[in-house]
Novice: 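Here it is, the structure, as C-alpha cells.
When a ligand or atom number is given, it counts from 1 through the structure's own listing order. In this text the structure is predicted, and so the values were computed from the model without any measurement.
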Amino acid sequence: MILVSSANGSIGIDGVWSEFQNGLDALTAVERATWIVEDNVEDNSVGTGGLPNLDGEVELDASIMEGSKRRAGAVAGLKGFRHPISVARAVMEISPHVLLVGDGAARFAKEVGAEPGDLLTEKASLIWEKGLESLPEGLSGEILKKAQALTQDPEKAVGTVNFLSIDSQGAMASAVSTSGWAWKWPGRAGDSPVVGAGNYCDARFGAAACTGFGELSIRASTARTVVNYLSQGATPEEAGVQALLDLKHLDEPPEKLIMHTVILSSDGTHGGVSTDPNATYAWRDETCKTTVLTKRTHVALY
Ligand code: GLY
C-alpha cells in the first residue's frame, strides 16, 4: 500500500494515512486526501483559497480515476462547491458521463447533494486585485493580451494537487484537483479534468498525474503517455522523463515549458519528474514513519 502526491499533497497523505492503514480503499483515500488540500486556504491553487479567474470567480477543475476498469469522473469550471473531487466521483459513480462542465456541473453537484462552499478568500481576492491593477479598463484585445501575461506567470499562476494510490488489496486510483491558472479566461478548462492529460490510472500498469501548464499536457496527453511507457516496461522515472521530453516538440518558449508529473507503477515503485530542478513530490508506504518528500528527476526542455 502506498500514497504518492505532488508536494502540496503531503498534508493529505498525513491526514488519511491511519485510515488508509486500517483498510480505506484506494479510491476513497485519494478522494479524502484531496479534501484536505481543497480545504487548505493557504494553498492558492486548489479548492477554497484558490485564485480566481479574470472575472474574480473561483472556477474549479477535478478528476478521479479508478484503475481496475478505468472508470473516470471529472468536472470543469465548477463554481460554489467545497469538494469538486467528490462531485467528480459522483459523475463517475452516478452519471453515465465522464466530464461535466460549468452550470451543468453545478446543477449536478446540487442534485447529488454536494456541499456548497464559499471559495474566494480575502487573501486570494487581494492577490487577484493586485494583478488586475496592471490591466486597463474594459475588455479589449489589449486586456486579453495582458491578462494572458498574468495567467502565464508561473510564479503566480500554476499549482494543482495530484494523488495516486495502491491500497492493501492492490486496487489503484488517482485524483487531481485545481483552481487552474489564476486570472484565467472564464470557462478555461485545464488538464486536470481531462482524462489522459492531467490524470490517468490503469491498474495493469500504473498511474500518472500532472501539475504545470495544462495546455501542454492536453496537447501531448501527458498522463496517458507516461502510463503507456510503463506498459512498455519503463520504470516510473524513465516513463516520466520520456513523456516530458515529448513536450519539447510543442515548440513553446522556455517560460511556458513547465510540467511536473508523479508516477506510480502497479508494482508500487514510484517517481516524480519535473522541468523545475528544485521540485519535490511526496509519498508514504508501510516502511515510512512519516510522509517523505523526494526530489524529482529534472528534465531540461530548452
Ligand atoms: N495543471 C493545472 C492547470 O493548468 O490548470
Side-chain angles (χ1 to χ4, degrees), residues 5-9 34 37-38 40 43-47 49-55 57-65 74-79 84-85 88 99 101-102 105 119 124 127-128 131 147-164 174-200 207-226 240 243-244 246-247 250 252-253 255-263 272-276 279 281 296 299 301:
S5 76
S6 48
N8 58 340
T34 304
V37 186
E38 288 175 340
N40 178 15
D43 190 323
N44 295 126
S45 68
V46 181
L51 293 177
N53 67 13
L54 195 55
D55 287 343
E57 291 187 297
V58 182
E59 284 185 323
L60 302 176
D61 296 344
S63 65
I64 196 160
M65 199 157 176
V75 288
L78 179 66
K79 290 186 254 188
I85 198 65
L99 171 61
V101 306
L119 305 170
I127 297 172
W128 172 78
Q148 280 172 349
L150 273 176
T151 62
Q152 289 171 14
D153 179 341
E155 290 301 315
K156 297 173 182 165
V158 293
T160 292
V161 73
N162 301 153
F163 287 101
L164 313 173
S174 58
V176 179
S177 185
T178 189
S179 49
W181 289 12
W183 303 283
K184 65 190 174 186
W185 193 260
R188 176 265 185 187
D191 60 330
S192 305
V194 179
V195 170
N199 187 3
Y200 201 70
C210 302
T211 57
F213 283 123
E215 276 66 7
L216 299 176
S217 37
I218 292 174
R219 288 163 65 193
S221 303
T222 301
R224 172 73 204 234
T225 300
V226 173
L244 262 57
D246 184 46
L247 302 177
L250 298 180
E252 291 288 347
E255 67 275 13
K256 280 209 213 160
L257 283 172
I258 293 172
M259 186 52 58
H260 325 278
T261 183
V262 284
I263 308 114
V273 178
S274 174
T275 54
D276 173 353
Y281 72 103
R296 296 188 193 222
V299 172
L301 294 182

Novice: What atoms of ligand 1 come within less than 4.0 Å of a heavy atom belonging to Gly212?
Specialist: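 With Gly212 as reference, the close atoms of ligand 1 come out as 1 (N), 2 (C), 3 (C), 4 (O).
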Novice: Can you find a side-chain donor-acceptor pair between Ser45 and Asp43 that sits under 3.5 Å?
Specialist: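 Yes.
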Novice: With respect to Gly180, determine whether any N or O atom, backbone or side chain, lies less than 3.5 Å from an N or O atom of ligand 1.
Specialist: no
Novice: Cut-off 3.5 Å, side chains only: do Tyr200 and Arg224 have a donor facing an acceptor?
Specialist: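 There is such a pair between these side chains.
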Novice: Where does Arg188 meet ligand 1, judged by heavy-atom distances below 4.0 Å: at the side chain, the backbone, both, or neither?
Specialist: side chain
Novice: At the 4.0 Å heavy-atom cut-off, does Lys184 count as touching ligand 1?
Specialist: no
Novice: What residues form a side-chain hydrogen bond (donor to acceptor under 3.5 Å, both in side chains) with Asp246, not counting sequence neighbours?
Specialist: none
Novice: Taking only non-hydrogen atoms of Gly198, do any sit less than 4.0 angstrom from ligand 1?
Specialist: no
Novice: Once side-chain hydrogen bond (donor to acceptor under 3.5 Å, both in side chains) is applied, do any residues pair with Thr222, and if so which ones, sequence neighbours excluded?
Specialist: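 For Thr222 there are no side-chain hydrogen bond (donor to acceptor under 3.5 Å, both in side chains) partners, ignoring immediate neighbours.
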Novice: Between the side chains of Asn199 and Ser174, does any donor sit under 3.5 Å from an acceptor?
Specialist: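 A donor-acceptor contact under 3.5 Å links the two side chains.
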Novice: Can you tell me if Asn162 and Ser6 form a side-chain donor-acceptor pair at under 3.5 Å?
Specialist: no
Novice: For atom 3 (C) of ligand 1, state which one of Thr178, Asp61, Ile218, Asp191 supplies the nearest heavy atom.
Specialist: Asp191
Novice: Within the 4.0 Å heavy-atom shell around Thr160, which atoms of ligand 1 are there?
Specialist: 1 (N), 2 (C)
